[in-house]
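In what follows, a structure is listed as structure tokens, so that the remarks can point back to it.
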Amino acid sequence: MRIGVLGTGAMADALATHWVRAGHEVFVGGRDEGKARRLASRLGGGTGHGSLSAAAGAGDVVLAALPYGVGAQVVGDLRAPLDGKVLLDCSNPVGPGFRLLTDGGPSAARRLADAAPGARVVKAFNLCHEDVWRMSPPVFDGQRLAVPVCGDDDTALALVRELVRDAGCEPLSGGGLDRAGLVEATAALFIGLWVGEAADARAMAPPLAFATGPGGTPTDS
């Protein structure tokens, strides 16, 4: 698979590392082409580098590893080369006080879709710190990390699920792109619990066998 990467930060580095190892053809683009060149050199495997526009045009899938707040503007500027491409959004619109910056408005993923209406946007890889994505593979208590994936295009979803597996994780169907906001809100909640309270967010959820109450019957609450 050909993968363009928009951005040269930690998420771009962590995810692209897995995809290069899996044998995909990766091209890194950045506003600072020197940073793109250095990241491509670290990734190895013949990784290409250049401008954001070049990266947008180079991939069947294009990872938008961009901070919330600039992502929609960058994607809007690249709407022509992104036309028809799968655009993978991993951003977290979380601000000071672990506040969800999109509260009351469109999700970060929807903003990218609006900025580049010809792209097929998929939300994934936003629930964990970049160092978790660097793990090879991310396995906890013998179970591979599950990654919710949200999008409206079946072909786009299939490609992103492949990339999730190539990162050593298991894809979960998160529904359509209209549910991306729920995944982003989950990140805001989890980050607040993990970082703000030093709490284990997993303690909120019972085992699957108890999801509908003891004995598998729906609860009254």
Side-chain angles (χ1 to χ4, degrees), residues 1-83 85-95 101 107-109 111-113 115-116 119-138 145 147 149 156 159-160 162-164 166-169 180 184 187 191:
M1 193 186 308
R2 296 182 306 146
I3 304 169
V5 177
L6 305 179
T8 58
M11 284 296 289
D13 189 346
L15 293 175
T17 294
H18 289 291
W19 299 335
V20 169
R21 288 173 180 166
H24 297 296
E25 182 182 332
V26 175
F27 189 103
V28 178
R31 286 179 171 172
D32 184 330
E33 294 189 34
K35 289 183 179 179
R37 182 180 65 254
R38 289 190 290 274
L39 176 54
S41 178
R42 288 200 303 276
L43 293 171
T47 301
H49 61 85
S51 66
L52 290 168
S53 179
D60 305 306
V61 176
V62 179
L63 171 68
L66 302 165
Y68 176 73
V70 304
Q73 179 182 343
V74 170
V75 165
D77 291 340
L78 299 172
R79 63 194 306 171
L82 287 172
D83 191 52
K85 302 294 181 68
V86 178
L87 183 60
L88 174 54
D89 174 36
C90 66
S91 68
N92 268 335
V94 180
L101 298 177
S107 68
R111 291 169 195 256
L112 295 193
R120 297 173 289 164
V121 177
V122 177
K123 186 81 184 189
F125 292 113
N126 72 302
L127 286 181
C128 297
H129 188 275
E130 59 264 19
D131 286 342
V132 172
W133 302 122
R134 294 183 195 279
M135 297 173 65
S136 185
L145 185 68
V147 179
V149 178
L159 290 173
V160 172
E162 179 181 344
L163 295 180
V164 169
D166 287 338
C169 303
E184 294 170 4
I191 293 168

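Since we're looking at a predicted model, the values are computed, not measured. The figures that follow rest on heavy atoms only: side chains count, while hydrogens, waters and symmetry mates do not.
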Sequence neighbours excluded and cut-off under 3.5 Å, please list the side-chain donor-acceptor pairs for residues 39-49, or say none.
from : atom 1 : to  : atom 2 : distance (Å)
R42  : NH2    : D13 : OD2    : 3.3
T47  : OG1    : G44 : O      : 2.6

Quick one: side chains of residues 62-76, donor-acceptor pairs under 3.5 Å with protein atoms, not counting sequence neighbours, listed by atom name and distance.
from : atom 1 : to   : atom 2 : distance (Å)
Y68  : OH     : R111 : NE     : 3.3

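Taking every heavy atom of both residues into account, A36 and G30 meet most closely at CB-N, 3.9 Å. When every heavy atom of A180 is checked against every heavy atom of A109, the shortest pair comes out as CB-CB, 3.8 Å. When all heavy atoms of V28 and G7 are compared, the closest pair comes out as CG1-O, 3.8 Å. Minimum interatomic distance between L52 and G29 (heavy atoms only, all atoms of both residues): CD2-O, 3.5 Å. Here the closest heavy-atom approach between residue A56 and residue L82 is recorded as CB-CD2, 3.9 Å. Considering every non-hydrogen atom in both A167 and P138, the closest pair reads O-CD, 3.3 Å.
Every residue two or more places apart in sequence or in another chain was checked for a side-chain hydrogen bond (donor to acceptor under 3.5 Å, both in side chains) with R37, and none qualifies. By the side-chain contact (heavy atoms from CB on, under 4.5 Å) test, A10 is found to be paired with E130, R134, residues two or more places apart in sequence or in another chain being considered.
Side-chain atoms of E184 come within 3.5 Å of backbone N or O of A108 as a donor-acceptor pair. In this structure a side-chain-to-backbone donor-acceptor pair under 3.5 Å is present from W19 to L163. Between the side chain of N126 and the backbone N or O of N92, no donor-acceptor pair lies under 3.5 Å.
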Item checked: Verdict with supporting geometry, S107 and K123, side chain to side chain contact (heavy atoms under 4.5 Å, CB included) -> CA-CA 10 Å; S107 68; K123 186 81 184 189; over 6 Å; no
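Within the 4.5 Å cutoff, the side chain of W133 has no heavy atoms near those of the T17 side chain.
Taking CZ of R79 as the reference point, atom NZ of K85 lies at 15.5 Å (rounded to 0.5 Å). Rounding to the nearest 0.5 Å places CG of L78 at 6.0 Å from CG of L6. Atom SG of residue C90 and atom CG of residue L127 lie 11.5 Å apart, to the nearest 0.5 angstrom.
Within the structure, salt bridge (Lys or Arg N to Asp or Glu O under 4.0 Å) contacts touching residues 45-74 (residues at least two apart or in different chains) are R2-D60. Sequence neighbours left out, the pairs with a member in residues 24-35 that pass side chain to side chain donor-acceptor pair (under 3.5 Å) are H24-D166.
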